[in-house]
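To start, the structure itself, in structure tokens.
One-based numbering along the sequence shown.
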Amino acid sequence: MANDTYNSPFNARYASKEMQYIYSPDFKFKTWRKLWIALAEAEQELGLDITDQQIAELKANADNINYEVAQEYEKKFRHDVMSHVHAYGEQCPHAKGIIHLGATSCYVGDNTDVITMREALLLIKKKLVNAIASVAKFADEYKDMPCLGFTHFQPAQPTTVGKRASLWLMDLVMDYNEIEHVLDSLMLLGSKGTTGTQASFLELFDGDHEKCKEIDRLVAEKMGFKACFPVSGQTYARKLDTIVCNCLALIAQSCCKFSNDLRLLQNLKEIEEPFEKNQIGSSAMAYKRNPMRSERIASLSRYVMIDALNPAWTASAQWFERTLDDSANKRVSVAEAFLALDGILDLYINITGGLVVYPKVIEARLMSELPFMATENIMMDAVKKGGDRQELHEKIRQHSMAAGTVVKVEGGKNDLVDRIAADPAFMTTKEEIMAILKPSNFVGRAPQQTSDFLNEVVKPILDANKDLIGIDVEINV
């Protein structure tokens, strides 16, 4: 890689080789040739004078792209599609005259864009499924471990480590459902002509409207799609790019939420992302273990979420049957949304597969707050022994305020249990109170909710995609 010119961080640091190839020139131009072959086959099947020899010649050179020749033609024509038509024609002299027959540039350009997005979405889906599998394993392992819950990042009722992870998982499940819907609804542009009227094909087929409809169906079938857009201008509706990038932005939201939670948990010293043996957290503070992978997720997620605005503006700004102000923007914004999210999911899988949990810290934090949360139970036990509920409530309030002062002002430990045990109005001992303070008594249905969710919602997804599970991800500096 050259060091004297701009290098995209997506290539150098973030995106996988698989995603980089999907958005490579090689993938694009090979797809162009597949589309030209599909068009020729469809036109032959519909009665045009195209021979088996011509199609065989096209297929024989489908992957043998003469890039240097195409580059020379582009210098001459200043048109990328026509340069490749001529370059392909040099390799296929018998088929030269029927390459791109009746088509416009958007036939290869737009259909390739949709095909590329589908391939990229399938890779994202694969990584999303592996992320779901990774978090599901963690949630199941820690579904019974009580921990302090937070609302507003203030201590709240206890939950479990696994139940908290199920919240991350729920987001991913929603993303999975969305990506399935988007993949299922993708359509090719088809062969629509310069303004979407198929006028050139109507001419080729001597006014036969049914053959004009059939060529779209055949091209879609040959390229592995269920359908083409029923109506369009010269391009497919740019709204499709918005739908796809919004789907990517949804996944980025989920990953960012997870990364923020983990960064807070790492500050609390409860759960940490993996930290390699020789990894340096700070150039100045040698003791530090910065959550750099989670921070990178947050950073890239922000990019994807904002980048989704690009296709929205592009779709809204198209004039009539087409303008060209979409081209430069969409070739950057759509590609980089996929490249960034690809890197995000690699990080997500890497982190969740190696989370470090500190049970003693989790327990200590929970126990420091639990006495406050158990006061209702303690008070009810005292009432059962004959105490006055209103009097006990006031005493609880006074003892809680005093214990809070010890913690916040004096920096001491929570002594609420000792205060209540020493108050004869409660008719209880410290041992009896500590028996009440069993953490598992305060987590509600968190373990059961987690198990039910994993079995009823997550397992069917993993079972349906078992062939996708099991990938190695590489994290660069």
Side-chain angles (χ1 to χ4, degrees), residues 5-29 31-32 80-81 105-106 108-125 127-128 175 178-179 181-183 185-189 229 232-256 296-319 321-348:
T5 187
Y6 176 75
N7 293 317
S8 171
F10 292 116
N11 285 356
R13 287 174 174 262
Y14 306 138
S16 67
K17 297 299 182 184
E18 295 87 346
M19 186 62 78
Q20 289 183 48
Y21 180 73
I22 291 171
Y23 274 96
S24 70
D26 197 57
F27 183 90
K28 178 173 76 172
F29 295 128
T31 304
W32 282 13
D80 57 349
V81 174
S105 297
C106 285
V108 288
D110 273 35
N111 285 319
T112 293
D113 283 349
V114 177
I115 292 166
T116 303
M117 287 192 293
R118 181 179 65 175
E119 289 304 306
L121 281 169
L122 288 170
L123 180 57
I124 291 296
K125 175 186 171 181
K127 293 189 175 185
L128 181 62
D175 298 331
E178 182 65 17
I179 201 171
H181 170 71
V182 172
L183 278 166
S185 61
L186 283 179
M187 294 181 288
L188 286 180
L189 167 67
F229 274 85
S232 73
Q234 186 179 118
T235 69
Y236 66 75
R238 291 299 182 235
K239 202 173 187 70
L240 176 61
D241 296 339
T242 310
I243 291 169
V244 169
C245 287
N246 281 344
C247 178
L248 304 185
L250 289 174
I251 301 172
Q253 291 169 29
S254 303
C255 296
C256 193
R296 183 177 290 183
I297 288 179
S299 185
L300 290 174
S301 294
R302 191 178 308 135
Y303 179 86
V304 175
M305 288 184 277
I306 297 300
D307 187 53
L309 292 174
N310 272 297
W313 277 101
T314 296
S316 66
Q318 288 294 285
W319 296 353
E321 282 65 49
R322 96 148 302 176
T323 52
L324 200 60
D325 60 339
D326 60 339
S327 179
N329 184 288
K330 82 186 292 293
R331 76 174 61 197
V332 175
S333 61
V334 177
E336 292 194 349
F338 275 106
L339 292 165
L341 187 62
D342 179 71
I344 290 167
L345 286 171
D346 280 355
L347 287 162
Y348 197 115

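- T116 and I22 make their closest contact through CG2-O, 3.4 Å (heavy atoms, listed as atom of the first residue, atom of the second, distance).
- No side-chain heavy atom of Q20 sits less than 4.5 Å from a side-chain heavy atom of F338.
- Put simply, SG on C255 and CE on M305 are 9.5 Å apart, with the number rounded to the nearest 0.5 Å.
- Listed by chain and residue number, nothing satisfies the salt bridge (charged side-chain N to carboxylate O under 4.0 Å, His left out) test with D175 (two or more places apart in sequence, or in another chain).
- Taking the side chain as every heavy atom from C-beta outward, D241 and T314 never approach each other to under 4.5 Å.
- Annotation: side-chain hydrogen bond (donor to acceptor under 3.5 Å, both in side chains) contacts of S333 (sequence neighbours excluded): N329.
- Atom CD1 of I344 is separated from atom CG of L300 by 5.0 Å, given to the nearest 0.5 angstrom.
- Residues L121 and L186 form a side-chain contact, since some pair of their non-hydrogen atoms from C-beta on lies under 4.5 Å apart.
- At a threshold of 4.5 Å between non-hydrogen side-chain atoms, the residues Q318 and D325 count as touching.
- Shown here for W313 and S316, the closest heavy-atom pair between the two residues is O-OG, 2.9 Å.
- Within the model, atoms CD1 of I251 and CD1 of I179 stand 4.5 Å from one another, a figure rounded to the nearest 0.5 Å.
- Side-chain contact check for D26 and S24: no donor-acceptor pair (N or O, by modelled atom type) lies under 3.5 Å.
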Side chain to side chain contact (heavy atoms under 4.5 Å, CB included) assessment of L188 paired with I115 | CA-CA 8 Å; L188 286 180; I115 292 166; 3.8 Å; yes

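- One distance of note links OG of S232 with CE of M187; it measures 10.0 Å at 0.5 Å rounding.
- Partners of Y303 by ring-ring contact (aromatic ring centres under 6.0 Å, His included), not counting sequence neighbours, listed by chain and number: F10.
- Side-chain contact between L189 and V114 is absent, with no heavy atoms from C-beta onward closer than 4.5 Å.
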Kindly indicate, with the supporting measurements, whether the criterion side chain to side chain contact (heavy atoms under 4.5 Å, CB included) is fulfilled by D110 and F229.
-> CA-CA 12 Å; D110 273 35; F229 274 85; over 6 Å; no

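- Remark: the backbone N or O of V182 is paired with a side-chain donor or acceptor of S185 at under 3.5 angstrom.
- Closest non-hydrogen pair, A298 versus C256, comes out as CA-SG, 3.9 Å.
- Between K125 atom NZ and L345 atom CG the span is 14.0 Å, to the nearest 0.5 Å.
- When all heavy atoms of T323 and A317 are compared, the closest pair comes out as OG1-O, 4.2 Å.
- Side chain of D342 to backbone of S16: a donor-acceptor contact under 3.5 angstrom is found.
- Among all heavy-atom pairs drawn from C106 and T235, the shortest one is SG-CG2, 3.7 Å.
- Between Y23 and A120, the closest heavy-atom pair is CE1-CB, 3.9 Å.
- Under the 3.5 Å distance criterion, with hydrogens and angles disregarded, no donor-acceptor pair is assigned to the side chains of Y236 and N111.
- D307 is linked by a salt bridge (charged side-chain N to carboxylate O under 4.0 Å, His left out) to nothing, counting only residues two or more places apart in sequence or in another chain.
- Distance alone, capped at 3.5 Å, places no donor-acceptor pair between the S301 side chain and the Q253 backbone.
- Counting only heavy atoms from C-beta outward, the side chains of Y21 and K17 never approach each other to under 4.5 Å.
- Of the N and O atoms on the side chains of S327 and R331, at least one donor lies less than 3.5 Å from an acceptor on the other residue.
- Atom-to-atom distance recorded for K330:NZ and T242:OG1 is 10.5 Å, nearest 0.5 angstrom.
- A heavy-atom distance below 4.5 Å is found between the side chains of V244 and L240.
- For R322, the salt bridge (charged side-chain N to carboxylate O under 4.0 Å, His left out) test picks out D326, with sequence neighbours left out.
- For T5, the side-chain contact (heavy atoms from CB on, under 4.5 Å) partners are A2, N7, not counting sequence neighbours.
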